[in-house]
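Fair warning: this is a prediction, and the values are worked out from it, not measured in the lab. Throughout, a chain's letter reflects where its sequence line sits, starting with A, and its residues are numbered from 1.
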Amino acid sequence: MAKVVVLGSGFAGQTAALNLRKSLGKDHEVVVVTPNKKFGYVPSWVWVGVGRMDVSETQFELAPVYKRMGIGYVNGLARAVHPDDNYVMVDLLEGGEEKVEYDYLINATGPKLNYAATEGLGPDHGHTVSICTPNHAAEAGEEYLKMVERMERGEEVKMLIGTGHGMATCQGAAFEYIHNIAFDLEERGLLDRAKITWLSNEQALGDFGVGGMVIGKGGYTVSGKIFAEASFMEKGFGWITGAHVTKVEEGKAHYITIDSAEDQVEEFDFAMLIPAFAGVPIKYINKDGNDITGELCAPNGMLKVDADYTSAAKGFDNWKKEDWPETYQNQTYGNIYAAGISFAPPHPISKPAAAPDGTPIVASPPRTGMAAGIIGHVVALSVADIINGKADKPVHTASMANFGAACVASMGKSMTKGSAAVIAMFPVVPDYERFEYGRDMDATFGDQGLAGHWLKALLHHLFIYKMKGKFGWWLIPD
Amino acid sequence: MKVKYTPYTQLAEAWMQPGPFAKFTRTCVLWQIVKFAAYNLKIIKVVAKGH
């Protein structure tokens, strides 16, 4: 009998747990360790953040799902992994601690939202709102509606949306948020009372941390930057790119840019800035009691896997698809894997830049729900094959340089007047040796319209259904 | 909200204003049903290529 422990219950963790349970016999044990009591469907939090969806519609209780599926559930926060002795120490939410032993461990904790990397950032100890957790999204929605009240009284309001650190990722979520705000204000007849500005670490609009993209449109091959800028132009947004936010004060965001290390200030009444991500602070302790976290994890705390971590120093022009991990197996402890945001990428996808004072400014690689699900799935299949005696090493692979991703970016929630940008790319990491524009133009496209919103709404229900492990869940692609 | 064209500004450099027909197609239900089907087929292709 083998025991697989999954840390985390997001897209990667939940996908891994469900697939393990499906692939392993009942004599094997699957246990999820998570501090959450509910699954949260992240892509819909953007609607919570503008008050157009109740947060409860994006969540469901995990315990009944795990009970029905025969998956163990430890409601706590993993504190330390002891890889030589194969156990995890967990701080239980109800108090106390539990020693959870494993034969195989899948780290799918997702990110630590590193607000502390930027002074004054974030809703808890700072001056900005966030849509990165369900509670934060609900608070953002309340704060946004206060701005609406001010505009209804005739006031003009300055809004600042984007990223709050030079190494942040998830520009797509901020892109959705700025457009949903504009859509909502336009419907209320208030858009002309808002001065909306985008502030981001992308070198150019439309980069999204994947080095931008080129799409076919109307017989032309066009840079996605043009469409991203046009979408901002249409709503009258201003934009500042290549920016690292150094400090946030009440109503003021200080930043430097790739072009200037001089302190610049953007004032705001309402700001939603995505923080930098780091690895969840789990310690790795060896059999001698020494902390080996620094050996197993990248400096940002994300777990190293089968990527080529020497490639980062070779420079953007020498980066290859082989740099990217395929099995997500830790190379020191073969029974430990990382899935989703928890794995340490070898380097960014976008071209790194820096401010004149040397401060790095580059959009970090995004790992969307689709990528996290795919990785969680292949890791589960590999572990199940090893346990079932079909393989002696991980044989299922999914490199971000070999799989594609589809992203439906909401630009307004309404079944009759709404809109979304439907973006798909193959592969996620551009491969300029194989494809002229880095990606297969036959499977890379972008478009905008009402059908995009229908698709986003469909995916909301489809993936919540899947994550509940309901009948036929495995038929729904990652 | 109508954005005013002002030459030599950030907005002017990104100018690509949709005309009435382009705006109509964005929310035309019949056309969007066709688009919806096309998006699904294209995404299936992307998913299939990665497997």
Side-chain angles (χ1 to χ4, degrees), chain A residues 182 185-186 189-194 205 225-240 370-371 374 378 398-400 402-406 408 411 414 416-420 422 424-428 440 442-445 447-455 458-459 477-478, chain B:
Chain A
L185 291 178
E186 200 160 30
L190 296 172
L191 185 55
D192 56 352
R193 290 185 191 163
L205 281 182
K225 171 177 180 280
I226 292 169
F227 291 100
E229 287 186 346
S231 76
F232 278 29
M233 178 282 305
E234 201 178 325
K235 301 296 180 189
F237 304 154
W239 61 91
I240 301 158
M370 184 170 178
I374 290 171
V378 297
S399 164
M400 285 174 68
N402 278 325
F403 68 74
V408 186
M411 298 172 79
S414 163
T416 54
K417 291 180 281 182
S419 181
V422 182
M425 62 184 75
F426 179 89
V428 177
D440 183 349
D442 197 34
T444 299
F445 72 96
D447 202 4
Q448 176 193 344
L450 177 62
H453 174 72
W454 294 343
L455 193 56
L458 174 70
L459 293 175
D478 299 312
Chain B
M1 190 183 84
K2 187 166 172 57
V3 180
K4 187 174 183 296
Y5 181 83
T6 311
Y8 304 104
T9 60
Q10 187 182 51
L11 290 180
E13 287 172 9
W15 204 261
M16 191 162 67
Q17 187 71 259
F21 180 72
K23 284 185 175 173
F24 167 75
T25 59
R26 284 183 187 174
T27 51
C28 170
V29 172
L30 285 177
W31 178 235
Q32 291 299 322
I33 287 171
V34 175
K35 286 268 190 181
F36 183 76
Y39 293 158
N40 280 281
L41 291 173
K42 285 181 174 181
I43 289 172
I44 287 169
K45 186 189 273 187
V46 173
V47 171
K49 276 181 180 275
H51 285 68

With side chains defined as the heavy atoms from C-beta onward, is the minimum distance between A:M233 and A:E229 less than 4.5 Å?
-> no

Just how far is it from atom CE of A:M370 to atom CG of A:L459, taken to the nearest 0.5 Å?
-> 10.0 Å

Which bit of A:S231 comes within less than 4.5 Å of chain B, counting heavy atoms only: side chain, backbone, both or neither?
-> neither

For A:L185 and A:R193, what are the C-alpha separation, side-chain angles and deciding distance, and is it a side-chain contact (heavy atoms from CB on, under 4.5 Å)?
-> CA-CA 9 Å; A:L185 291 178; A:R193 290 185 191 163; over 6 Å; no

Determine the option with the most heavy-atom pairs under 4.5 angstrom with chain B, choosing from A:G404, A:A405, A:A406, A:G236.
-> A:G236

When the 4.5 angstrom heavy-atom criterion is applied to B:V29 and chain A, the contacting part is both

Report the option among B:T27, B:I33, B:L11 that has the most heavy-atom pairs separated by less than 4.5 Å from atoms of chain A.
-> B:L11

Kindly indicate, with the supporting measurements, whether the criterion side-chain contact (heavy atoms from CB on, under 4.5 Å) is fulfilled by A:S414 and A:H453.
-> CA-CA 7 Å; A:S414 163; A:H453 174 72; 5.6 Å; no

B:Q32 side chain vs A:L450 backbone, donor-acceptor pair below 3.5 Å | yes

Is chain B contacted by the side chain of A:A182, its backbone, both, or neither, given a heavy-atom distance below 4.5 Å?
-> neither

Let me know if A:E186 has heavy atoms under 4.5 Å from chain B in its side chain, its backbone, both or neither.
-> side chain

Under 4.5 Å heavy-atom distance to chain A, tell me which part of B:K35 shows up: side chain, backbone, both or neither.
-> both

B:F24 CZ: over 12 foreign heavy atoms closer than 6.0 Å = no

At a heavy-atom separation under 4.5 Å, does A:L458 approach chain B through its side chain, its backbone, both, or neither?
-> side chain

For A:D440, is it the side chain, the backbone, both or neither that has a heavy atom under 4.5 Å from a heavy atom of chain B?
-> side chain

By a 4.5 Å heavy-atom criterion (distance strictly below it), what part of A:K235 contacts chain B: side chain, backbone, both, or neither?
-> backbone

Part of A:M425 lying under 4.5 Å from any heavy atom of chain B = backbone

With no hydrogens and no angle check, is any side-chain donor or acceptor of B:Q10 less than 3.5 Å from a backbone partner on A:W239?
-> yes

To the nearest 0.5 Å, atom CZ of A:F403 lies from atom NZ of B:K49 at 15.5 Å

Determine the option with the most heavy-atom pairs under 4.5 angstrom with chain B, choosing from A:L205, A:D442, A:V378, A:D447.
-> A:D447

